[in-house]
Amino acid sequence: MPTAAPSTTSRIAIVTGASSGIGAATARQLAAAGYRVVLTARRKDRIEALAEEITNAGHAATAYQLDVTDRAAVDEFATAFKTIGVLINNAGGALGADPIATGDPADWRTMYETNVIGTLNLTQALLPKLVASGDGTVVVISSTAGHGTYEGGGGYVAAKHGAHVLAETLRLEIVGQPVRVIEIAPGMVRTDEFALTRFNGDEERAAKVYQGVAEPLTADDVAETVTWAVTRPSHVNVDLLVLRPRAQASNTKVHREQ
Ligand SMILES: NC(=O)c1ccc[n+]([C@@H]2O[C@H](COP(=O)([O-])OP(=O)(O)OC[C@H]3O[C@@H](n4cnc5c(N)ncnc54)[C@H](OP(=O)(O)O)[C@@H]3O)[C@@H](O)[C@H]2O)c1
């Protein structure tokens, strides 16, 4: 017999990288779905403002400043919880679009640290609390860059493949325990900061990413998908969901209007 949809009442959902883009949108939507959301990111002012906005809308939210690459800080953060229902590993991003021949190893390291080790840190620290809830969900926001390469993808593609493999391996290793592992892999999403960060604040290069693309995905599109996946009945595990804008057929085939 199918199990009921997980009760969201009083359940905690932790969202990393909640200070902008997909993380902020996901926090808003999970709060509206009844989760008590815990917003984390390095920029304290932004997560505090968002927690206030969510609270003023009648939902439950708190903010906690956290760098996902700082393992001691992550372990300290985890001590605040006995059980949690949902962990959204969203913090991450890309740095540069150089070919392998000239890519900066420091950028590669930072991308691996954030997208992979950050996800590992949070997942390791919180897995016992997810198990203790009797009905936990780990979400990994990877990317279509975790499922295929493209020229200039370099260290981002490598890191997102790492995030994908982490999700797949964890699912194998914890089968039988009451925790689902869901991977959401978006293609082109137009968020305020992703491309700007990638190109070190160069607005012209950032704008070119989306140039002529009629409707890239929005942060809300991804957040809706995440919220849908985590609110499926407990026995339903959306292993991997790839979503792209209609104008993007693959990592390298994008329709651009002139
Ligand atoms: N936009 C896209 O096209 C796209 C497509 C596929 C996948 N994704 C993935 O989706 C996720 C969110 O992307 P986005 O578009 O929403 O980008 P974004 O607006 O740049 O958001 C990135 C978030 O990650 C946080 N972050 C970065 N490094 C961190 C660290 N060391 N510790 C804690 N938080 C950190 C940032 O917060 P602070 O700077 O305040 O710490 C920010 O909240 C990323 O993993 C990205 O790779 C994006």
Side-chain angles (χ1 to χ4, degrees), residues 14-29 38-51 63-74 77 87-97 107 109-122 125 139-148 150 153 155-164 166-167 183-201 206-210 213 215-223 225-226 240-245 247-248 251 254:
I14 294 171
V15 182
T16 69
S19 59
S20 62
I22 294 167
T26 300
R28 283 191 185 94
Q29 292 199 24
V38 180
L39 319 177
T40 75
R42 293 168 302 180
R43 285 171 295 175
K44 193 166 179 252
D45 52 334
R46 295 185 67 135
I47 49 174
E48 281 180 351
L50 181 55
Y64 189 103
Q65 185 179 30
L66 187 66
D67 181 334
V68 294
T69 67
D70 181 343
R71 183 53 188 257
V74 170
F77 168 67
L87 166 63
I88 311 284
N89 285 300
N90 164 76
L95 292 176
D107 284 348
R109 272 193 205 98
T110 303
M111 286 187 277
Y112 197 82
E113 279 288 331
T114 313
N115 292 285
V116 186
I117 306 296
T119 298
L120 180 71
N121 283 341
L122 268 293
V139 175
V140 174
I141 307 293
S142 63
S143 168
T144 50
H147 296 270
Y150 54 94
Y156 184 58
V157 167
K160 287 302 193 185
H161 273 71
H164 160 62
L166 186 158
E183 178 185 351
I184 306 290
M188 185 187 286
V189 190
R190 184 172 207 148
T191 54
D192 293 341
E193 297 185 2
F194 178 84
L196 261 186
T197 303
R198 181 167 209 165
F199 297 116
N200 202 18
K208 279 208 174 111
V209 172
Y210 309 104
V213 180
E215 281 178 295
L217 295 176
T218 65
D220 277 334
D221 292 329
V222 181
T225 305
V226 173
L240 166 66
L241 201 154
V242 177
L243 71 157
R244 299 182 197 266
Q248 184 185 33
N251 287 354
V254 179

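Worth saying up front: this structure is predicted, and the values here are computed from it rather than measured. Whatever order the structure lists ligands and atoms in, that order sets their numbers, starting from 1.
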Enquirer: Restricting to salt bridge (Lys or Arg N to Asp or Glu O under 4.0 Å), what partner residues turn up for E113, sequence neighbours left out?
Expert: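 With sequence neighbours excluded, E113 shows a salt bridge (Lys or Arg N to Asp or Glu O under 4.0 Å) to no residue whatsoever.
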
Enquirer: Is there a heavy atom in K160 that sits closer than 4.0 Å to ligand 1?
Expert: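 Within the 4.0 Å threshold, so yes.
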
Enquirer: Counting heavy atoms only, which of V140, T110, T191 comes nearest to atom 15 (O) of ligand 1?
Expert: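 The nearest heavy atom belongs to T191.
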
Enquirer: Report the nearest protein non-hydrogen atom to atom 27 (C) of ligand 1: residue, atom name, distance rounded to 0.1 Å.
Expert: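 Of the protein heavy atoms, R42 NH2, 3.4 Å lies nearest.
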
Enquirer: Only heavy atoms of R43, strictly under 4.0 Å: list the atoms of ligand 1 that pass.
Expert: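 Answer, ordered by atom number: 37 (O), 38 (P), 39 (O), 40 (O).
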
Enquirer: For atom 22 (C) of ligand 1, which of the options G92, G93, G17, G21 provides the nearest non-hydrogen atom?
Expert: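 The option holding the nearest heavy atom is G92.
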
Enquirer: Looking at atom 21 (O) of ligand 1, what's its closest protein heavy atom, distance included?
Expert: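 Among all protein heavy atoms, the one nearest atom 21 (O) of ligand 1 is S20 OG, 3.2 Å.
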
Enquirer: Atoms of ligand 1 less than 4.0 Å from I141 heavy atoms?
Expert: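 Atoms satisfying the 4.0 Å criterion: 10 (O).
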
Enquirer: Is L196 near ligand 1, meaning one of its heavy atoms is under 4.0 Å from it?
Expert: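 Distance cut 4.0 Å: L196 fails for ligand 1.
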
Enquirer: Are the side chain of N90 and the backbone of G17 linked by a donor-acceptor contact shorter than 3.5 Å?
Expert: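 Pair found, side chain donor or acceptor close to backbone of G17.
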
Enquirer: To check your reading of the model: name the closest protein heavy atom to atom 31 (N) of ligand 1, its residue, and the distance in Å.
Expert: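 Going by distance alone, atom 31 (N) of ligand 1 is nearest to D67 OD1, 3.0 Å.
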
Enquirer: Considering only the protein, which heavy-atom contact is closest to atom 5 (C) of ligand 1, and what is its distance?
Expert: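 Looking at atom 5 (C) of ligand 1, the protein heavy atom closest to it is G187 O, 3.0 Å.
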
Enquirer: Within the structure, does S143 bring an N/O atom to less than 3.5 angstrom of an N/O atom in ligand 1?
Expert: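 Between S143 and ligand 1, no N or O pair is found under 3.5 Å apart.
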
Enquirer: Would you please determine whether G118 falls within less than 4.0 Å of ligand 1 on a heavy-atom basis?
Expert: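 The answer is no: ligand 1 sits nowhere under 4.0 Å from a heavy atom of G118.
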
Enquirer: Please write down residue, atom name and distance for the protein heavy atom closest to atom 1 (N) of ligand 1.
Expert: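 It is V189 O, 3.1 Å.
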
Enquirer: Is the closest heavy-atom distance from A145 to ligand 1 below 4.0 Å?
Expert: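 No heavy atom of A145 comes that close to ligand 1.
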
Enquirer: With heavy-atom distances below 4.0 Å as the criterion, list the atoms of ligand 1 near E193.
Expert: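 Counting from 1, the qualifying ligand atoms are 19 (O), 20 (O).
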
Enquirer: Checking D107 against T110: is there a side-chain donor and acceptor pair closer than 3.5 Å?
Expert: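 No, no side-chain donor-acceptor pair sits under 3.5 Å.
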
Enquirer: Judged by atom type as modelled, is there a donor-acceptor pair below 3.5 Å linking the side chain of N115 to the main-chain atoms of G93?
Expert: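 Side chain of N115 to backbone of G93: a pair is present.
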
Enquirer: Could you list the residues that satisfy side-chain hydrogen bond (donor to acceptor under 3.5 Å, both in side chains) with T144, not counting sequence neighbours?
Expert: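 With neighbours one apart ignored, the set is N251.
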
Enquirer: Could you identify the single nearest non-hydrogen protein atom to atom 12 (C) of ligand 1 and state the distance to 0.1 Å?
Expert: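 I find the closest protein heavy atom is N90 OD1, 3.1 Å.
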
Enquirer: Would V68 count as a polar contact of ligand 1, with the cut-off being nitrogen or oxygen pairs under 3.5 Å?
Expert: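 Such a contact does occur with ligand 1.
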
Enquirer: Give the single entry among A73, S19, S142 that approaches atom 9 (C) of ligand 1 most closely by any heavy atom.
Expert: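 Heavy atom nearest to atom 9 (C) of ligand 1 belongs to S142.
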
Enquirer: Who's closest to atom 34 (N) of ligand 1 heavy-atom-wise, of A219, A91, A223?
Expert: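 Looking at heavy atoms only, the winner is A91.
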
Enquirer: Side chain, backbone, both or neither: which applies to I22 and ligand 1 if a contact is any heavy-atom pair less than 4.0 Å apart?
Expert: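 Within the 4.0 Å criterion, I22 contacts ligand 1 through backbone and side-chain atoms alike.
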
Enquirer: In terms of atom number and element, which parts of ligand 1 are under 4.0 angstrom from non-hydrogen atoms of L66?
Expert: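 Per the distance check, 32 (N), 33 (C).
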
Enquirer: For T119, which of T16, L87, N89 qualifies under side chain to side chain contact (heavy atoms under 4.5 Å, CB included)?
Expert: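 Result for side chain to side chain contact (heavy atoms under 4.5 Å, CB included) with T119: N89.
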
Enquirer: Could you tell me which atoms of ligand 1, counted from 1 in the order shown, lie closer than 4.0 angstrom to a heavy atom of T114?
Expert: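 Taking each heavy atom of T114 in turn, ligand 1 has 28 (N), 29 (C) under 4.0 Å.
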
Enquirer: Identify the heavy atoms of G148 and H161 that sit nearest to each other, and give their distance.
Expert: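 So the minimum-distance heavy-atom pair works out to N-CE1, 3.6 Å.
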
Enquirer: Can you tell me the protein heavy atom closest to atom 6 (C) of ligand 1 and the distance?
Expert: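 Looking at atom 6 (C) of ligand 1, the protein heavy atom closest to it is P186 O, 3.2 Å.
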
Enquirer: Looking at atom 46 (C) of ligand 1, what's its closest protein heavy atom, distance included?
Expert: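 For this ligand atom, the closest protein heavy atom is Y156 OH, 3.7 Å.
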
